[in-house]
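For reference, the structure is listed below as structure tokens.
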Amino acid sequence: MLISMPTRFDAATIAIVNTINQSNPAHKIGEIYGSVPDILWGTGRDGDTLPKMTIEQVCSHIKAARKIGLHFNYIMNAPCYKNDEYDRGMISQLFHTFDQLVDCGLDVITLANPYLISLFKKTYPTIQINASAVLHIIDFKTASFYASMGAQRITLHSDINRDLKRIKDIQSNLDCDIEIMANPRCLLNCPIEKYHYNVLGHKETGRALGNWFNFCTMHCAVERLKKPEEVFMSGWFRPKDTYKYEELGIDYLKIVGREFALSTIYKITKHYACEESVPNMGDILGGYAAYRLPSGKIVSSLMYIDTSRDDLYEKRFHCANACLSDCGSCTICRQMADSCLVLYERENNIELIDSIIEENVSKVAAYAKSKSDR
């Protein structure tokens, strides 16, 4: 099983890969992945958090990766592009840029638009297509559909990350690579996930957003604070549990976090590559960021997630086949929230985030009402 690691498109990324791979880890880094605003079309991340690069700089980075034997995976996984994919002029512009990336050694492109999967497969038969997790692939039927369209790799949605039997059934019956995300933070069965990805895609390709604020991310953050069990319902798993996916025959383990600082990417990747025990999963999921709490205290993560309770973490895997169908009757995640979780200044942070959402929504509503009354 190979690691797919995010890149910030600088020389230090290549040095980090060499450092980890030369340390004889359990899983080597075989690929780096990333995207930049304004090079190709939108992606499933906010462009404000991604590095700003020219096409020449991206090509130089791809060549550096290939020089040390790494594959490069460009992420273009917004689900919607305002139907620009049906405009011949827009597609011509897209392919002109993509030709440059192919010429400098691009190996893989990750897509979340079924029509673009067909189009890229027809136009670039030598490039591997990865069907993105944004497509919400959680069963064999959906996975086989995208494999039949030409995807040589399938990234499974994190909602089934701990359902090892389901993953094995998909992996055993498909003749393509399977990828699992190691450290996703999304809510299980997130009610606004599809909307969130569409917002991000349109943010990068659409009109300027004068009233933009991160509505979806804030809603998910406050949901975790109000219902702490949501932290454990999410699809992440400990680095020390990575071997379970190796035993299933999974081909790629994707480290989530191309918006993180490179120092953070290094720490997280090293933990999973070496299957290391980490005392606090909150650091990995929060990205080792420095947070100033409402009280003024600064912490590395808004939560402390104790990883020492092996008994509970094993139960978390064993009940996973019921997570999508019978979550309401299971109590494992609630038990873990009670035993393994500390949320710093929970009530203060709930009040803070709720107030930010309320303030922004109220401002727009008042403006719209004032205009409609004229």
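Side chain to side chain, Tyr124 and Asp99 meet the donor-acceptor criterion of an N or O pair below 3.5 Å. Between the side chains of Ser144 and Asn173, no donor-acceptor pair of N or O atoms lies under 3.5 Å. No side-chain donor-acceptor contact under 3.5 Å links Thr7 and Arg258. No donor-acceptor contact under 3.5 angstrom links the side chains of Asn161 and Ser158, judged on distance only. Inspection of the His157 and Glu193 side chains reveals an N or O donor paired with an N or O acceptor under 3.5 Å.
Each of Val134, Thr43, Ile109 was evaluated against Ile75; a single residue qualifies, Thr43, per the side-chain contact (heavy atoms from CB on, under 4.5 Å) test. Each of Lys165, Gln171, Arg166 was evaluated against Asp169; a single residue qualifies, Lys165, per the side chain to side chain donor-acceptor pair (under 3.5 Å) test. For the pairing with Lys227, the salt bridge (Lys or Arg N to Asp or Glu O under 4.0 Å) check across Glu229, Glu230, Glu223 returns one residue only, Glu223.
Put simply, the side chain of Glu246 does not reach to within 4.5 Å of the side chain of Leu253, judged on heavy atoms. The shortest side-chain heavy-atom distance between Ile353 and Leu225 falls under the 4.5 Å cut-off. The side-chain heavy atoms of Phe95 and Leu119, taken from C-beta on, include a pair separated by under 4.5 Å. Considering only heavy atoms from C-beta on, Tyr243 stays 4.5 Å or farther from His27 through its side chain. The closest side-chain heavy-atom distance from Arg224 to Leu187 is below 4.5 Å. A 4.5 Å side-chain heavy-atom check between Met1 and Ile180 finds every atom pair outside the cut-off. Between Leu116 and Met76, the closest side-chain pair of non-hydrogen atoms falls below 4.5 Å. Looking at heavy atoms from C-beta onward, Ile160 lies in side-chain contact with Ile167 at the 4.5 angstrom threshold.
Between Tyr245 and Phe317, the ring planes are tilted. Angles from 30° to 60° get that label. Relative orientation of the Tyr74 and Phe72 rings is tilted, given thresholds of 30° and 60° on the angle between their planes.
In plain terms, the two heavy atoms of Tyr272 and Met281 that are nearest each other are OH-CE, 3.7 Å. Leu135 and Ala112 get closest at one heavy-atom pair: CD2-O, 3.3 Å. The minimum heavy-atom distance linking Leu106 with Ile127 is given by the pair O-CD1, 3.1 Å. The minimum heavy-atom distance linking Asn280 with Ser301 is given by the pair ND2-CB, 4.5 Å. Minimum interatomic distance between Cys80 and Asn198 (heavy atoms only, all atoms of both residues): CB-OD1, 3.2 Å. Across Cys323 and Leu188, no two heavy atoms sit closer than the pair O-CD2, 3.6 Å.
Between Ile298 atom CD1 and Arg292 atom CZ the span is 4.0 Å, to the nearest 0.5 Å. In this structure, the separation between CD on Glu347 and CG on Leu352 is 12.5 Å, given to the nearest 0.5 Å. The distance from the CD1 atom of Ile91 to the NE2 atom of His96 is 14.5 Å, given to the nearest 0.5 Å.
The backbone N or O of Ser295 lies less than 3.5 Å from a partner atom in the side chain of Glu345, making a donor-acceptor pair. Listed for the Thr307 side chain is a donor-acceptor partner under 3.5 Å among the backbone atoms of Val278. Proximity of a side-chain donor or acceptor of Gln152 to a complementary backbone N or O of Ile129 within less than 3.5 Å is detected. With hydrogens and angles ignored, the 3.5 Å screen pairs no side-chain donor or acceptor of Tyr266 with any backbone N or O of Val17. No donor-acceptor pair closer than 3.5 Å links the side chain of Asn77 to the backbone N or O of Ala133. Side-chain N or O atoms of Asp177 include none that pairs as donor or acceptor with a backbone N or O of Asp251 at under 3.5 Å. Thr264 places a side-chain N or O within 3.5 Å of a backbone atom of Gly287 that can act as its donor or acceptor partner. Here the side chain of Asn83 pairs no donor or acceptor atom with the backbone of Tyr86 at under 3.5 angstrom. At distances below 3.5 Å, not a single donor-acceptor pair connects side-chain atoms of Asn21 with backbone N or O atoms of Asn24. The main-chain N or O of Cys186 is found under 3.5 Å from a side-chain atom of Ser234 such that the two form a donor-acceptor pair.
Summarising the local packing, NZ of Lys194 is surrounded by 12 or fewer heavy atoms from other residues, nucleotides or ligands at distances under 6.0 Å. Heavy atoms from other residues, nucleotides or ligands lying under 6.0 Å from CD of Glu314 number more than 12. Annotation: Asp175, atom CG; neighbour count of heavy atoms from other residues, nucleotides and ligands within 6.0 Å does not exceed 12. At most 12 non-hydrogen atoms from other residues, nucleotides or ligands lie less than 6.0 angstrom from NZ of Lys315.
The residues Asp354 and Lys226 are annotated as salt-bridged, a charged nitrogen and a carboxylate oxygen being separated by less than 4.0 angstrom. Contact check on Asp283 versus Lys267 returns no salt bridge, with no Lys/Arg side-chain nitrogen under 4.0 Å from an Asp/Glu carboxylate oxygen. With respect to the salt-bridge test (charged N to carboxylate O, under 4.0 angstrom), the residues Glu259 and Arg45 qualify. Between Asp241 and Arg238 there is a salt bridge, with a side-chain nitrogen of the basic residue lying less than 4.0 Å from a carboxylate oxygen of the acidic one. A salt bridge links Lys270 with Glu276: the distance from a Lys NZ or Arg NE/NH1/NH2 to an Asp or Glu carboxylate oxygen falls below 4.0 Å. Electrostatic pairing of Arg309 and Asp311 counts as a salt bridge here, judged by a charged N lying under 4.0 Å from a carboxylate O.
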List the steps and the verdict of side chain to side chain contact (heavy atoms under 4.5 Å, CB included) for Ile265 and Ile16.
CA-CA 9 Å; Ile265 291 171; Ile16 281 173; over 6 Å; no
Check against side chain to side chain donor-acceptor pair (under 3.5 Å), Gln128 and Asp107:
CA-CA 6 Å; Gln128 184 184 96; Asp107 304 276; over 6 Å; no
List the steps, then state whether side chain to side chain contact (heavy atoms under 4.5 Å, CB included) holds for Leu293 with Asn348.
CA-CA 8 Å; Leu293 299 173; Asn348 286 337; over 6 Å; no
After noting the C-alpha distance and the side-chain angles of Phe215 and Asn360, does the key distance pass the side chain to side chain contact (heavy atoms under 4.5 Å, CB included) rule?
CA-CA 9 Å; Phe215 174 84; Asn360 279 276; over 6 Å; no
Run the side chain to side chain contact (heavy atoms under 4.5 Å, CB included) test on Phe9 and Ser60 for me, step by step, so that the C-alpha distance in whole Å, both residues' side-chain angles and the decisive distance to 0.1 Å come before the verdict.
CA-CA 9 Å; Phe9 292 90; Ser60 176; over 6 Å; no
Yes or no on side chain to side chain donor-acceptor pair (under 3.5 Å) for Ser4 and Glu31, after CA distance, side-chain angles and deciding distance?
CA-CA 5 Å; Ser4 180; Glu31 169 186 281; 2.6 Å; yes
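Both Tyr81 and Leu200 are part of a single hydrophobic cluster, where members link through side-chain heavy atoms under 4.5 Å apart.
For Phe237 and Tyr313, the distance between ring centers is not under 6.0 angstrom. Taking the six-membered ring for Trp, Phe98 and Phe120 have ring centres closer than 6.0 Å.
By the 6.0 Å and 45° rule, Arg153 stacks over the aromatic ring of Tyr252.
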